[in-house]
Trainee: 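Starting off with a structure, shown below.
One-based numbering along the sequence shown. All figures in this text were calculated on a predicted structure; none of them were measured in a lab.
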Amino acid sequence: MKRFRKALCPIVERLCNSLMRKGRNNGKKLLAVRIVQQALEIVHLLTDENPLQVFVHAIVNSGPREDSTRVGAGGIVRRQAVDVSPFRRVNQALYLIGTGAREASFRTIKTIAECLADEIVNAAKGSSNSYAIKKKDEIERVAKANR
């Protein structure tokens with residue numbers, strides 16, 4: 001294991017890796033790559049823009065700028081608001097986009113590729129019906145309360 005090695009990994013591949021979760025999809029990278037490929041094609045059809053540029057906008061919009069951490073002193077644990085590093089912002093954004101797509105497609109007719117495309121487009125717009133944007137706002141609201 002090497003620290004920050006994943007910073008060298010392409011951003012689309014990291015999205016594929018974040019989709020390989022939850023037991024039955026664990027380790028199936030070819031499946032994840034195909035899902036992301038279909039999702040990016042759907043994004044292109046929905047927006048008529050470069051899907052990678054839309055994906056980058058989604059990551060920028062869905063990474064929380066402020067978070068809260070636990071600070072313990074003398075047996076008393078309280079939460080303290082902290083700024084989020086750029087690296088963690090990207091990691092959080094990828095995690096939230098992947099989780100939102102997975103939850104949206106669970107027990108519905110829509111495929112995960114369609115749900116991932118919707119999540120990316122909504123996050124790029126900054127729309128509030130995106131899972132990643134909702135979670136980001138919630139995290140920042142909690143951090144603001146803990147200032």
Side-chain angles (χ1 to χ4, degrees), residues 1-71 79-147:
M1 291 294 291
K2 188 176 177 188
R3 196 167 176 219
F4 300 127
R5 165 122 2 121
K6 61 183 167 188
L8 303 174
C9 185
I11 202 83
V12 178
E13 186 177 350
R14 288 186 56 196
L15 177 67
C16 296
N17 293 343
S18 72
L19 288 175
M20 294 191 296
R21 292 255 165 84
K22 290 290 185 195
R24 63 180 177 211
N25 295 331
N26 198 2
K28 298 183 182 175
K29 193 160 185 177
L30 288 174
L31 181 72
V33 167
R34 199 172 72 241
I35 289 167
V36 170
Q37 189 176 357
Q38 290 168 352
L40 291 177
E41 287 172 4
I42 295 169
V43 166
H44 178 65
L45 292 174
L46 289 174
T47 60
D48 289 330
E49 293 176 37
N50 183 353
L52 292 179
Q53 187 61 51
V54 175
F55 179 51
V56 168
H57 285 308
I59 289 175
V60 169
N61 290 343
S62 57
R65 294 179 291 265
E66 193 178 28
D67 201 353
S68 52
T69 187
R70 292 167 54 122
V71 176
R79 295 180 70 78
Q80 173 74 40
V82 291
D83 293 334
V84 178
S85 73
F87 190 65
R88 181 165 167 80
R89 275 187 73 183
V90 173
N91 293 345
Q92 287 278 92
L94 285 168
Y95 169 77
L96 291 174
I97 289 171
T99 306
R102 191 178 308 111
E103 285 188 10
S105 69
F106 188 63
R107 290 190 177 157
T108 57
I109 306 166
K110 291 178 84 172
T111 64
I112 186 143
E114 292 168 3
C115 293
L116 182 61
D118 289 344
E119 183 69 32
I120 289 171
V121 169
N122 289 335
K125 287 181 195 166
S127 168
S128 62
N129 53 354
S130 159
Y131 175 88
I133 298 291
K134 280 185 203 161
K135 283 289 183 187
K136 173 199 150 188
D137 292 341
E138 183 184 323
I139 290 168
E140 288 180 348
R141 194 170 57 246
V142 169
K144 191 173 182 183
N146 291 322
R147 274 186 194 156

Trainee: Would you list the pairs meeting salt bridge (charged side-chain N to carboxylate O under 4.0 Å, His left out) in which at least one residue belongs to residues 108-119, sequence neighbours left out?
Mentor: Lys110-Asp118
Trainee: Using 0.5 Å steps for rounding, measure from the CG atom of Leu116 to the CD1 atom of Ile120.
Mentor: 4.0 Å
Trainee: Which pair of heavy atoms, one from Lys136 and one from Pro64, lies closest together, and at what distance?
Mentor: CG-CA, 3.7 Å
Trainee: If I take atom OG1 from residue Thr47 and atom CD1 from residue Ile42, how far apart are they, to the nearest 0.5 angstrom?
Mentor: 11.5 Å
Trainee: Looking at residues at least two apart in the chain, or sitting in another chain, which of them share a side-chain contact (heavy atoms from CB on, under 4.5 Å) with Leu52?
Mentor: Val12, Leu40, Asn50
Trainee: Can you tell me which residue pairs pass the ring pair (Phe, Tyr, Trp, His ring centres under 6.0 Å) test with a partner in residues 1-56, sequence neighbours excluded?
Mentor: Phe4-Phe87
Trainee: Listed by chain and number, what are the side-chain contact (heavy atoms from CB on, under 4.5 Å) partners of Thr99, not counting sequence neighbours?
Mentor: Tyr95, Arg102, Glu103, Tyr131
Trainee: Using the test side chain to side chain donor-acceptor pair (under 3.5 Å), find all partners of Gln92 that sit at least two apart in sequence or belong to another chain.
Mentor: none
Trainee: Partners of Phe106 by ring-ring contact (aromatic ring centres under 6.0 Å, His included), sequence neighbours excluded?
Mentor: none
Trainee: Find the distance between CZ (Arg34) and CD1 (Ile112) and round it off to the nearest 0.5 Å.
Mentor: 12.0 Å
Trainee: Just jot down the salt bridge (Lys or Arg N to Asp or Glu O under 4.0 Å) partners of Arg88, sequence neighbours excluded, or say none.
Mentor: Asp67
Trainee: Please name the pair of heavy atoms, one in Asn122 and one in Ser130, separated by the smallest distance, quoted to 0.1 Å.
Mentor: CB-CB, 3.6 Å
Trainee: Mind checking what makes side-chain contact (heavy atoms from CB on, under 4.5 Å) contact with Arg3, not counting sequence neighbours?
Mentor: none
Trainee: Using salt bridge (Lys or Arg N to Asp or Glu O under 4.0 Å) as the criterion, list what pairs up with Arg65, not counting sequence neighbours.
Mentor: Glu140
Trainee: With sequence neighbours excluded, what pairs up with Arg107 under the side-chain contact (heavy atoms from CB on, under 4.5 Å) test?
Mentor: none
Trainee: Enter the distance from Glu66:CD to Asn146:CG here, rounded to the nearest 0.5 Å.
Mentor: 9.0 Å
Trainee: List the atom pairs, with distances to 0.1 Å, where a side-chain N or O of residues 25-32 and a protein N or O form a donor-acceptor pair under 3.5 Å, not counting sequence neighbours.
Mentor:
| unit_1 | atom_1 | unit_2 | atom_2 | d |
| --- | --- | --- | --- | --- |
| Lys28 | NZ | Arg24 | O | 3.0 |
| Lys29 | NZ | Glu13 | OE2 | 2.8 |
| Lys29 | NZ | Asn17 | OD1 | 3.4 |

Trainee: Which salt bridge (charged side-chain N to carboxylate O under 4.0 Å, His left out) pairs, counting each pair once, include a residue from residues 37-54, with sequence neighbours left out?
Mentor: none
